[in-house]
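Here the structure comes first, spelled out in C-alpha coordinates, and everything after it is commentary.
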There are 2 protein chains.
Amino acid sequence: MPRKHSAADAPLRLDNQICFAVYSAAHAFNRVYKPLLDRLGLTYPQYLVMLVLWERDDVPVKDIGEKLFLDSGTLTPLLKRLEAAHLVRRTRSSEDERQVLIALTPQGHALKDKARAVPQSILAASDCSVSELVAMKDEIVALRDRLNAVIGE
Amino acid sequence: MPRKHSAADAPLRLDNQICFAVYSAAHAFNRVYKPLLDRLGLTYPQYLVMLVLWERDDVPVKDIGEKLFLDSGTLTPLLKRLEAAHLVRRTRSSEDERQVLIALTPQGHALKDKARAVPQSILAASDCSVSELVAMKDEIVALRDRLNAVIGE
DNA sequence: TCACATTTAATTGTTCGCAATTGAATGTGC
DNA sequence: GCACATTCAATTGCGAACAATTAAATGTGA
(Lines give C-alpha, C1' and ligand atoms only; values in the text may rest on other atoms or scores of the structure.)
Protein backbone atom coordinates (compact mmCIF):
# COMPACT_ATOMS: atom_id res chain seq x y z
CA MET A 1 0.00 0.00 0.00
CA PRO A 2 1.29 3.48 -0.85
CA ARG A 3 2.19 5.84 1.97
CA LYS A 4 2.13 9.56 1.48
CA HIS A 5 4.61 10.17 4.29
CA SER A 6 7.18 8.31 6.29
CA ALA A 7 6.00 7.26 9.72
CA ALA A 8 9.14 8.83 11.18
CA ASP A 9 7.86 12.20 9.97
CA ALA A 10 4.52 11.99 11.75
CA PRO A 11 5.61 14.12 14.75
CA LEU A 12 6.67 16.87 12.35
CA ARG A 13 3.40 17.01 10.43
CA LEU A 14 1.53 20.27 10.88
CA ASP A 15 -1.81 18.59 11.52
CA ASN A 16 -0.35 16.55 14.36
CA GLN A 17 0.85 19.52 16.34
CA ILE A 18 -1.26 20.72 19.23
CA CYS A 19 0.73 23.92 19.33
CA PHE A 20 -0.43 24.79 15.83
CA ALA A 21 -4.00 23.97 16.83
CA VAL A 22 -3.68 26.44 19.72
CA TYR A 23 -1.82 29.02 17.62
CA SER A 24 -4.37 28.95 14.80
CA ALA A 25 -7.31 28.90 17.22
CA ALA A 26 -5.95 32.03 18.91
CA HIS A 27 -5.82 33.79 15.54
CA ALA A 28 -9.33 32.58 14.69
CA PHE A 29 -10.60 34.04 17.98
CA ASN A 30 -8.83 37.28 17.18
CA ARG A 31 -10.57 37.52 13.83
CA VAL A 32 -13.97 36.86 15.40
CA TYR A 33 -13.33 39.44 18.11
CA LYS A 34 -12.08 42.13 15.74
CA PRO A 35 -15.43 43.45 14.41
CA LEU A 36 -16.94 43.28 17.93
CA LEU A 37 -14.06 45.16 19.52
CA ASP A 38 -13.88 47.70 16.70
CA ARG A 39 -17.19 49.03 18.04
CA LEU A 40 -15.53 49.54 21.43
CA GLY A 41 -12.44 51.07 19.86
CA LEU A 42 -10.26 48.33 21.39
CA THR A 43 -7.81 45.76 20.09
CA TYR A 44 -7.91 42.28 21.63
CA PRO A 45 -4.94 42.79 23.98
CA GLN A 46 -6.39 46.15 25.00
CA TYR A 47 -9.69 44.38 25.72
CA LEU A 48 -7.82 41.93 27.97
CA VAL A 49 -6.30 44.82 29.91
CA MET A 50 -9.73 46.38 30.29
CA LEU A 51 -11.13 43.05 31.57
CA VAL A 52 -8.46 43.07 34.26
CA LEU A 53 -9.21 46.68 35.19
CA TRP A 54 -12.97 46.14 35.25
CA GLU A 55 -12.35 43.50 37.91
CA ARG A 56 -9.97 45.64 39.93
CA ASP A 57 -8.89 49.19 39.39
CA ASP A 58 -5.88 51.25 40.37
CA VAL A 59 -3.32 48.46 40.04
CA PRO A 60 0.38 48.63 39.11
CA VAL A 61 1.52 47.66 35.63
CA LYS A 62 3.22 44.61 37.09
CA ASP A 63 -0.06 43.15 38.39
CA ILE A 64 -1.66 43.48 34.97
CA GLY A 65 1.38 41.81 33.46
CA GLU A 66 1.21 38.87 35.84
CA LYS A 67 -2.45 38.25 35.10
CA LEU A 68 -2.00 38.44 31.32
CA PHE A 69 1.51 36.95 31.13
CA LEU A 70 2.79 40.14 29.48
CA ASP A 71 5.78 42.35 30.31
CA SER A 72 6.29 46.10 30.40
CA GLY A 73 7.68 46.10 26.88
CA THR A 74 4.21 45.15 25.68
CA LEU A 75 2.13 46.90 28.30
CA THR A 76 3.77 50.32 28.46
CA PRO A 77 2.94 51.35 24.87
CA LEU A 78 -0.45 49.61 25.04
CA LEU A 79 -1.38 51.50 28.22
CA LYS A 80 -0.22 54.75 26.66
CA ARG A 81 -2.63 54.12 23.80
CA LEU A 82 -5.46 53.44 26.27
CA GLU A 83 -4.52 56.66 28.03
CA ALA A 84 -4.56 58.55 24.71
CA ALA A 85 -8.07 57.10 24.19
CA HIS A 86 -9.05 58.53 27.62
CA LEU A 87 -9.92 55.08 29.00
CA VAL A 88 -7.24 54.92 31.72
CA ARG A 89 -5.01 57.23 33.74
CA ARG A 90 -1.38 56.42 34.54
CA THR A 91 -0.02 57.85 37.80
CA ARG A 92 3.13 57.16 39.79
CA SER A 93 2.39 55.62 43.16
CA SER A 94 3.24 57.98 46.03
CA GLU A 95 4.14 55.09 48.33
CA ASP A 96 6.48 53.47 45.83
CA GLU A 97 7.58 55.79 43.07
CA ARG A 98 8.78 52.86 40.97
CA GLN A 99 5.22 51.77 40.38
CA VAL A 100 2.82 53.24 37.85
CA LEU A 101 -0.79 52.75 38.89
CA ILE A 102 -3.41 52.26 36.21
CA ALA A 103 -6.88 53.61 36.98
CA LEU A 104 -10.01 53.69 34.85
CA THR A 105 -11.44 57.02 33.77
CA PRO A 106 -15.24 57.47 33.83
CA GLN A 107 -15.21 56.59 30.12
CA GLY A 108 -13.20 53.48 30.93
CA HIS A 109 -15.76 52.41 33.51
CA ALA A 110 -18.61 53.22 31.16
CA LEU A 111 -17.21 51.03 28.41
CA LYS A 112 -17.90 47.96 30.54
CA ASP A 113 -21.59 48.17 29.75
CA LYS A 114 -20.97 48.14 26.01
CA ALA A 115 -18.57 45.24 26.47
CA ARG A 116 -21.21 42.95 27.96
CA ALA A 117 -22.44 42.10 24.47
CA VAL A 118 -19.06 40.67 23.45
CA PRO A 119 -18.97 37.34 25.34
CA GLN A 120 -22.47 36.51 24.08
CA SER A 121 -21.40 37.00 20.48
CA ILE A 122 -18.32 34.86 21.00
CA LEU A 123 -20.40 32.09 22.53
CA ALA A 124 -22.67 32.16 19.50
CA ALA A 125 -19.71 32.05 17.11
CA SER A 126 -18.24 29.08 19.00
CA ASP A 127 -21.37 27.11 18.15
CA CYS A 128 -20.81 25.09 21.29
CA SER A 129 -22.49 24.60 24.67
CA VAL A 130 -21.28 26.57 27.66
CA SER A 131 -20.40 23.38 29.53
CA GLU A 132 -18.28 22.11 26.63
CA LEU A 133 -16.46 25.44 26.43
CA VAL A 134 -15.83 25.49 30.17
CA ALA A 135 -14.41 21.96 30.02
CA MET A 136 -12.12 22.88 27.12
CA LYS A 137 -11.04 26.07 28.84
CA ASP A 138 -10.09 24.17 31.99
CA GLU A 139 -8.06 21.66 29.98
CA ILE A 140 -6.27 24.39 28.05
CA VAL A 141 -5.52 26.36 31.21
CA ALA A 142 -4.11 23.22 32.85
CA LEU A 143 -1.88 22.63 29.82
CA ARG A 144 -0.77 26.27 29.82
CA ASP A 145 0.10 26.12 33.50
CA ARG A 146 2.15 22.95 32.99
CA LEU A 147 4.01 24.65 30.13
CA ASN A 148 4.63 27.76 32.19
CA ALA A 149 5.92 25.60 35.04
CA VAL A 150 8.58 24.17 32.72
CA ILE A 151 9.76 27.60 31.64
CA GLY A 152 10.80 28.65 35.11
CA GLU A 153 13.27 25.76 35.41
CA MET B 1 -22.91 35.24 51.96
CA PRO B 2 -20.47 37.76 50.55
CA ARG B 3 -19.91 37.88 46.82
CA LYS B 4 -16.71 39.27 45.38
CA HIS B 5 -18.35 40.06 42.05
CA SER B 6 -21.75 40.62 40.58
CA ALA B 7 -23.16 37.56 38.81
CA ALA B 8 -23.90 39.76 35.81
CA ASP B 9 -20.15 40.31 35.44
CA ALA B 10 -19.27 36.63 35.27
CA PRO B 11 -19.06 36.51 31.46
CA LEU B 12 -16.58 39.39 31.54
CA ARG B 13 -14.23 37.80 34.06
CA LEU B 14 -10.85 36.96 32.62
CA ASP B 15 -10.76 33.48 34.12
CA ASN B 16 -14.05 32.59 32.45
CA GLN B 17 -12.89 33.35 28.94
CA ILE B 18 -11.84 30.45 26.77
CA CYS B 19 -10.28 32.91 24.36
CA PHE B 20 -7.85 34.05 27.03
CA ALA B 21 -7.06 30.43 27.84
CA VAL B 22 -6.19 29.87 24.19
CA TYR B 23 -4.34 33.19 23.87
CA SER B 24 -2.21 32.59 26.95
CA ALA B 25 -1.59 28.93 26.05
CA ALA B 26 -0.30 30.02 22.63
CA HIS B 27 2.15 32.38 24.34
CA ALA B 28 3.20 29.65 26.77
CA PHE B 29 3.91 27.32 23.84
CA ASN B 30 5.91 30.08 22.19
CA ARG B 31 8.07 30.48 25.28
CA VAL B 32 8.70 26.74 25.51
CA TYR B 33 9.57 26.56 21.81
CA LYS B 34 11.91 29.53 21.86
CA PRO B 35 15.06 27.89 23.30
CA LEU B 36 14.49 24.79 21.15
CA LEU B 37 14.06 26.80 17.95
CA ASP B 38 16.96 29.11 18.76
CA ARG B 39 19.21 26.12 18.11
CA LEU B 40 17.69 25.81 14.63
CA GLY B 41 17.92 29.55 14.03
CA LEU B 42 14.14 29.75 13.56
CA THR B 43 11.30 31.70 15.12
CA TYR B 44 8.04 29.86 15.78
CA PRO B 45 6.20 31.16 12.68
CA GLN B 46 9.29 30.39 10.59
CA TYR B 47 9.23 26.86 12.05
CA LEU B 48 5.60 26.51 10.95
CA VAL B 49 6.53 27.51 7.40
CA MET B 50 9.36 24.98 7.42
CA LEU B 51 6.94 22.26 8.64
CA VAL B 52 4.75 23.01 5.62
CA LEU B 53 7.71 22.92 3.24
CA TRP B 54 9.12 19.70 4.73
CA GLU B 55 5.79 18.09 3.82
CA ARG B 56 5.69 19.53 0.32
CA ASP B 57 8.20 21.66 -1.47
CA ASP B 58 8.03 24.14 -4.33
CA VAL B 59 4.64 25.60 -3.45
CA PRO B 60 3.27 29.11 -4.02
CA VAL B 61 3.07 31.59 -1.16
CA LYS B 62 -0.70 31.37 -1.27
CA ASP B 63 -0.68 27.63 -0.44
CA ILE B 64 1.50 28.22 2.60
CA GLY B 65 -0.84 31.01 3.66
CA GLU B 66 -3.91 28.80 3.39
CA LYS B 67 -2.36 26.09 5.51
CA LEU B 68 -1.17 28.47 8.22
CA PHE B 69 -4.05 31.00 7.98
CA LEU B 70 -1.55 33.78 7.19
CA ASP B 71 -1.51 36.33 4.39
CA SER B 72 1.22 37.76 2.19
CA GLY B 73 1.69 40.72 4.49
CA THR B 74 3.03 38.29 7.07
CA LEU B 75 4.61 35.72 4.79
CA THR B 76 6.52 37.90 2.32
CA PRO B 77 8.95 39.41 4.86
CA LEU B 78 9.17 36.11 6.77
CA LEU B 79 10.07 34.20 3.59
CA LYS B 80 12.65 36.84 2.70
CA ARG B 81 14.29 36.23 6.07
CA LEU B 82 14.28 32.47 5.46
CA GLU B 83 15.84 33.19 2.07
CA ALA B 84 18.48 35.40 3.68
CA ALA B 85 19.22 32.45 6.00
CA HIS B 86 19.70 30.25 2.89
CA LEU B 87 16.89 27.90 3.92
CA VAL B 88 14.54 28.59 0.98
CA ARG B 89 14.63 29.96 -2.56
CA ARG B 90 11.93 32.24 -3.97
CA THR B 91 11.34 32.03 -7.72
CA ARG B 92 8.56 33.34 -9.95
CA SER B 93 6.55 30.56 -11.55
CA SER B 94 7.09 30.40 -15.30
CA GLU B 95 3.55 29.12 -15.90
CA ASP B 96 1.95 31.90 -13.87
CA GLU B 97 4.19 34.86 -13.29
CA ARG B 98 1.95 36.13 -10.48
CA GLN B 99 2.99 33.25 -8.26
CA VAL B 100 6.20 33.04 -6.27
CA LEU B 101 7.22 29.44 -5.64
CA ILE B 102 9.01 28.58 -2.40
CA ALA B 103 11.54 25.75 -2.56
CA LEU B 104 13.86 24.37 0.09
CA THR B 105 17.60 24.69 -0.34
CA PRO B 106 19.81 21.73 0.63
CA GLN B 107 20.33 23.45 3.99
CA GLY B 108 16.55 23.80 4.33
CA HIS B 109 16.09 20.08 3.71
CA ALA B 110 18.93 19.22 6.07
CA LEU B 111 17.39 21.21 8.92
CA LYS B 112 14.55 18.70 9.08
CA ASP B 113 16.79 16.19 10.83
CA LYS B 114 17.72 18.63 13.56
CA ALA B 115 14.04 19.53 13.94
CA ARG B 116 12.97 16.00 14.85
CA ALA B 117 14.07 16.60 18.44
CA VAL B 118 11.59 19.47 18.85
CA PRO B 119 8.24 17.63 19.09
CA GLN B 120 9.71 15.24 21.66
CA SER B 121 10.78 18.12 23.89
CA ILE B 122 7.35 19.73 23.58
CA LEU B 123 5.65 16.48 24.50
CA ALA B 124 7.81 16.26 27.60
CA ALA B 125 7.06 19.86 28.55
CA SER B 126 3.33 19.24 28.14
CA ASP B 127 3.55 16.60 30.87
CA CYS B 128 0.62 14.84 29.29
CA SER B 129 -0.06 11.60 27.44
CA VAL B 130 -0.07 11.54 23.66
CA SER B 131 -3.69 10.40 23.56
CA GLU B 132 -4.79 13.27 25.81
CA LEU B 133 -2.94 15.75 23.64
CA VAL B 134 -4.45 14.31 20.45
CA ALA B 135 -7.92 14.57 21.95
CA MET B 136 -7.36 18.17 23.00
CA LYS B 137 -5.89 19.04 19.62
CA ASP B 138 -8.94 17.64 17.82
CA GLU B 139 -11.28 19.62 20.05
CA ILE B 140 -9.35 22.83 19.55
CA VAL B 141 -9.15 22.32 15.78
CA ALA B 142 -12.91 21.73 15.67
CA LEU B 143 -13.49 24.94 17.62
CA ARG B 144 -11.09 26.85 15.37
CA ASP B 145 -12.87 25.59 12.26
CA ARG B 146 -16.26 26.62 13.64
CA LEU B 147 -14.87 30.09 14.39
CA ASN B 148 -13.34 30.38 10.94
CA ALA B 149 -16.65 29.33 9.39
CA VAL B 150 -18.36 32.29 11.09
CA ILE B 151 -15.82 34.77 9.75
CA GLY B 152 -16.62 34.08 6.11
CA GLU B 153 -20.26 35.09 6.57
C1' DT C 1 25.52 55.26 56.83
C1' DC C 2 26.93 53.46 52.57
C1' DA C 3 27.83 50.04 49.05
C1' DC C 4 25.20 46.80 46.77
C1' DA C 5 21.41 44.07 45.01
C1' DT C 6 16.56 44.09 43.74
C1' DT C 7 12.41 45.88 41.89
C1' DT C 8 9.76 48.45 38.54
C1' DA C 9 8.81 50.88 34.15
C1' DA C 10 10.46 52.61 30.16
C1' DT C 11 13.14 52.17 25.98
C1' DT C 12 15.19 50.05 21.77
C1' DG C 13 15.32 46.81 18.12
C1' DT C 14 13.50 42.71 15.78
C1' DT C 15 9.74 39.85 14.33
C1' DC C 16 4.87 38.81 13.82
C1' DG C 17 -0.06 39.76 12.20
C1' DC C 18 -3.29 42.12 9.62
C1' DA C 19 -5.88 45.85 7.00
C1' DA C 20 -5.56 48.43 3.02
C1' DT C 21 -3.48 49.55 -1.15
C1' DT C 22 -0.63 48.83 -5.31
C1' DG C 23 0.83 46.71 -9.54
C1' DA C 24 1.55 43.10 -12.52
C1' DA C 25 -0.31 38.83 -14.63
C1' DT C 26 -4.13 36.23 -15.82
C1' DG C 27 -8.91 35.12 -16.90
C1' DT C 28 -13.70 36.68 -18.80
C1' DG C 29 -17.35 38.29 -21.51
C1' DC C 30 -18.70 40.79 -25.24
C1' DG D 1 -9.29 41.58 -29.68
C1' DC D 2 -10.27 44.48 -25.88
C1' DA D 3 -12.26 46.38 -21.74
C1' DC D 4 -13.00 44.51 -17.41
C1' DA D 5 -12.66 41.84 -13.24
C1' DT D 6 -9.89 38.63 -10.62
C1' DT D 7 -5.75 36.72 -8.66
C1' DC D 8 -1.36 36.98 -6.48
C1' DA D 9 2.51 38.93 -4.15
C1' DA D 10 4.52 43.02 -2.41
C1' DT D 11 4.22 47.19 0.23
C1' DT D 12 2.85 50.45 3.95
C1' DG D 13 1.37 51.52 8.43
C1' DC D 14 -0.01 50.25 12.98
C1' DG D 15 -0.29 47.39 17.05
C1' DA D 16 1.34 43.64 19.55
C1' DA D 17 5.17 40.46 21.75
C1' DC D 18 9.56 39.88 23.62
C1' DA D 19 14.71 40.17 24.56
C1' DA D 20 17.95 43.16 26.28
C1' DT D 21 19.22 47.28 28.28
C1' DT D 22 18.61 51.54 31.04
C1' DA D 23 17.40 54.38 34.93
C1' DA D 24 15.25 55.46 39.01
C1' DA D 25 13.45 53.96 43.50
C1' DT D 26 13.64 50.85 47.10
C1' DG D 27 15.47 47.27 50.15
C1' DT D 28 19.51 44.93 52.57
C1' DG D 29 23.77 43.91 54.97
C1' DA D 30 27.90 45.14 56.88
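In what follows, every chain begins at residue 1, and chains take the letters A, B, ... in the order their sequences are listed. Every heavy atom of this structure was used, including side-chain atoms; hydrogens, water molecules and symmetry mates were not.
- Counting heavy atoms from C-beta on, the side chains of B:Trp54 and A:Asp9 never come closer than 4.5 Å.
- Atom P of nucleotide D:dA9 and atom NZ of B:Lys62 are separated by 8 Å, given to the nearest angstrom.
- For the pair A:Leu78/A:Pro45, a side-chain contact is recorded, criterion being any heavy-atom separation below 4.5 Å from C-beta on.
- The CG-C1' distance, from B:Leu70 to C:dC16, rounds to 9 Å in whole Å.
- Atom CZ in A:Arg31 sits about 8 Å away from atom P in C:dA19, given to the nearest Å.
- A 4.5 Å side-chain heavy-atom check between A:Val88 and A:Leu53 finds at least one atom pair inside the cut-off.
- A sub-4.0 Å separation between OP1 or OP2 of D:dA23 and a side-chain N or O of A:Arg98 is absent.
- A straight line from OH of A:Tyr33 to C1' of D:dG15 spans 19 Å, rounded to a whole angstrom.
- With contacts defined as side-chain heavy-atom distances shorter than 4.5 Å, the pair A:Tyr23/B:Tyr44 qualifies.
- With the nearest nucleotide of DNA chain C identified for both A:Pro77 and B:Leu78, A:Pro77 has the one nearer the 5' end.
- Phosphate proximity of D:dA10 to B:Thr76: present, with a side-chain N or O under 4.0 Å from OP1 or OP2.
- Here A:Leu75 lies out of heavy-atom contact (under 4.0 Å) with every strand.
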